[in-house]
Amino acid sequence: MFDALTDRFERLSASLRSRGRLSEADLDEALRDVRSALIEADVELSVVRAFLDAVRDRLRGQALSQSLTPGQQVIKAVHAQLIDILGGSALKITYAPRPPTVVLLAGLQGAGKTTTAAKLARWFAQQGRHPMLVAADLQRPAAVEQLRVLGASIGVDVFSEPTTPVEVARRGLETAQRIGRDVVIVDTAGRLAVDEALMDEVAQVSAAIAPHYTFLVIDAVTGQDAVHTARAFHDRLELTGLIVTKLDYDARGGAVLSARGVVGRPVVFAATGEKIEDFDLFHPDRMASRILGMGDALTLIEQAERAMDPEVVAESAGRLMSGTFTLDDFLAQLNQVRKMGSLGGLMRLMPGMTKEMRTAASSIDERQLGQVEAIIRSMTPRERREPALIDGSRRARIARGSGTTVPAVNQLLKQFTEMRKMMRSMGSGGLPPQMGRMAQLAARARPQDLPPGFEALADATRPAPSAPAPRGARGKKKKGGRVTPPKGR
Amino acid sequence: MSTVIIILVVVALLAIGATVATVVVRRRRPALVAPPPVAPLPEVLVPEEAPRPELRDEPAMRARLGASRGVFDRLRGLGAGDVGEDDLATVEEVLLRSDVGLATTEAVLDSLRRDGAPEGVATAVRGVLRASLDRPRDVVEVADEGRVAVWLFVGVNGVGKTTTIGKLARREGERGHRVVIAAGDTFRAAAADQLALWADRTGADLVRAHEGADPGSVVHDAVGRAAARGADLVFADTAGRRANSSNLLDELAKVRRVADRGPGQVLETLLVLDATTGQNALSQAREFLAAAQVSGIVLTKLDGTARGGVVVAIERELGIPVKFVGVGEGVDDLLPFDPDEFVDALLRA
């Protein structure tokens, strides 16, 4: 996601980092690079211009900071402006005082509206609401069926009837009131913005049900046309905001960046994968950090929390620190990580990773993970507990058993042993700086006032201070699940 | 290197996980509403019932393309001779707004700076763009003696692959070919149903298998059936999802291999692209080119406001010609690509 943009910004920050003082010419050059990066990422032209002007203003109005190099200052300004353009903070969804809260979805064909409707319903259910889906996409007969199946899989009722979209929407709303559903999500047919008849129809649907939220569903790979689409729909429907889909592809995300600049409406939700749980509120601050290659520890932590089994993790983490970590633990851990998504994707979220590491990680595919698993599974339980036991002939056997080569087995064993040694020393000493910071962030995961990641970057550019002890990372819990960092940091 | 990274990631995540777990355990899960268990997202039937238009003459591409925009008109107003910075800025804006991309735009601007515009800026820009679209774009329909021609269709989700196959089946049927459609998207059961509708409508034969079947075997069967029944053209659909890039590569490469065996002969591999797609289309094209040796592009959804200018970049950088454009939902709304009309529409000259 946003790879191209991230790459450009990374190169930019690398070249700026080495400057002591920033001249007007340097600034011009830097901003030209920012401009190319944005255009390459499909950001709408007028938005690009406004963005650059705003960054320039920010820099001009600012007294030279003592603690930041000029390069960092540019990046900070770009980061702040990115957050701004992406919509400030995440939108807070409120509910109608007299339920149901009505949500209308519209968009072009192939943008992913129907799937989004189901994902949104699940999201509302997770918030403790009782959603109902209304399938008003009668254009595509199977759309209703598709929504029914999706609805059944998440335990949400789906209403539809073979009349007209307006009638379906109206009756759906009535039904929801009658059976006591407090959120109604109406899925409409995909249409082109230039198709007057269909645009009229969706406007009528909107008039009939008076939605509290109207979302335009848009594909993240959309180019400059995103703006026309958003504007056309906004003219007819008064959009609340956008839902961006397929943000997992190596999308440039220009549509995301442009929407707020052009129609003044933010991206509210983002679908980041094909699975129904790959959907959440859109967090502008996190996205801005991600675009600038600063990583996104908060999302990473949330993902870990969702996918990992705390019992398993706690147990093997204990063994990791005490140096009794076995290959079995490693395998269990590997499988937990696999549940979270691709290594490349995870790597991208990790702050403090270099570009080389990220590239290397994204070139690793499932097969290589499978290979590691196969090697470990070809060992006897005793070998997994005591890797030192594995001699030449055992290695040959393991290689044969796993369909790999002896060097591959050697490499895994060597790396594993080294890692174990490193972790054991950390158990008594300190974490390496990178992970120390991760742990800090993890401990502060909940509070919403976490700085948006800029500190992480600033830290990374300075020599790291002495790393905190791992046990310090746990922090202290207060009421309401908030965690305060431990003293002495 | 890869083992190092795997271990590193696992350990780093373990550290995170451990911290999270500690926090969670301490928190003892306050009465949070537990999220309902999530069933895997099923892929569902999506046959598309496109409205059936009455038959009519092939409309000109231009007549079907979207509404004009202010800045494009300004381009036409620019005069001949030397090109000033303002003119260049206008040209740049027009091109970037059509999704032509930065590299191509720079190339056009360079050429304007170098050569000026003796016959007007619009003509000059048109000339440069037209030159980058100068390549053969015929489709090959006839296989070697005794073999069956196979066209593979590749592309990401939601671009209109199935609809394109339907429309092309109609076109080739009218041109006197007997078409067999292979429902190679076995990932989505619905894809086959959707193709069945089209097969029904166009009189083509359909070969399908159960959900999750090996796409290669479907294509193999289709080639076999075509050979047995005297059909001469097989259209092979493929799954649109981009799982992990290496899986895609493997699957496509395999389908291609299988299709090219025995009586089958792969003559065209068509990448279906959505005109609303921006610069990302370039990476899609690159990926599919590597996986399946794409021989041409079908640009769909050109009837909206999107101009699909990114295909210029694709032709320039990767040399893949656009062969067809989709300008509507009807059976006949698929036209051979006409570079002149396309460039005109791009510039509204």
| task | Return the minimal non-hydrogen interatomic distance between A/Ser36 and B/Leu102, and the atom names on each side. | result |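 That would be CB-CD2, 3.6 Å.
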| request: Check salt bridge (Lys or Arg N to Asp or Glu O under 4.0 Å) between B/Lys254 and all other residues, then give those that pass, not counting sequence neighbours. | output: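 B/Asp214.
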[X] [atom1] to [Y] [atom2] distance, which is reported to the nearest 0.5 Å:
X	Y	atom1	atom2	value
A/Ser46	B/Glu93	OG	CD	8.0 Å
B/Gln279	A/Gln224	CD	CD	8.0 Å
B/Thr105	A/Ile39	OG1	CD1	8.0 Å
B/Thr276	A/Gln109	OG1	CD	10.0 Å
B/Thr277	A/Asp225	OG1	CG	10.0 Å

| task | Identify which part of A/Glu44 has an atom lying under 4.5 Å from any heavy atom of chain B, answering side chain, backbone, both or neither. | result |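 The side chain, not the backbone.
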| field | Test side-chain contact (heavy atoms from CB on, under 4.5 Å) applied to B/Ala291 - qualifying residues, sequence neighbours left out | value |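 Here the qualifying residues are B/Leu249, B/Leu252.
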| Option among B/Val159, B/Val156, B/Asn280 that satisfies the side-chain contact (heavy atoms from CB on, under 4.5 Å) test with A/Val221 |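 Option passing the side-chain contact (heavy atoms from CB on, under 4.5 Å) with A/Val221: B/Asn280.
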| said: Using a strict threshold of under 4.0 Å (side-chain N to carboxylate O), is an ion pair present between B/Glu92 and A/Arg49? | reply: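 Here A/Arg49 does not pair with B/Glu92 in a salt bridge, since their nearest N and O are not under 4.0 Å apart.
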| request: Without swapping roles, check the side chain of B/Asp99 against the backbone of A/Gly223 for a donor-acceptor pair under 3.5 Å. | output: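 Absent.
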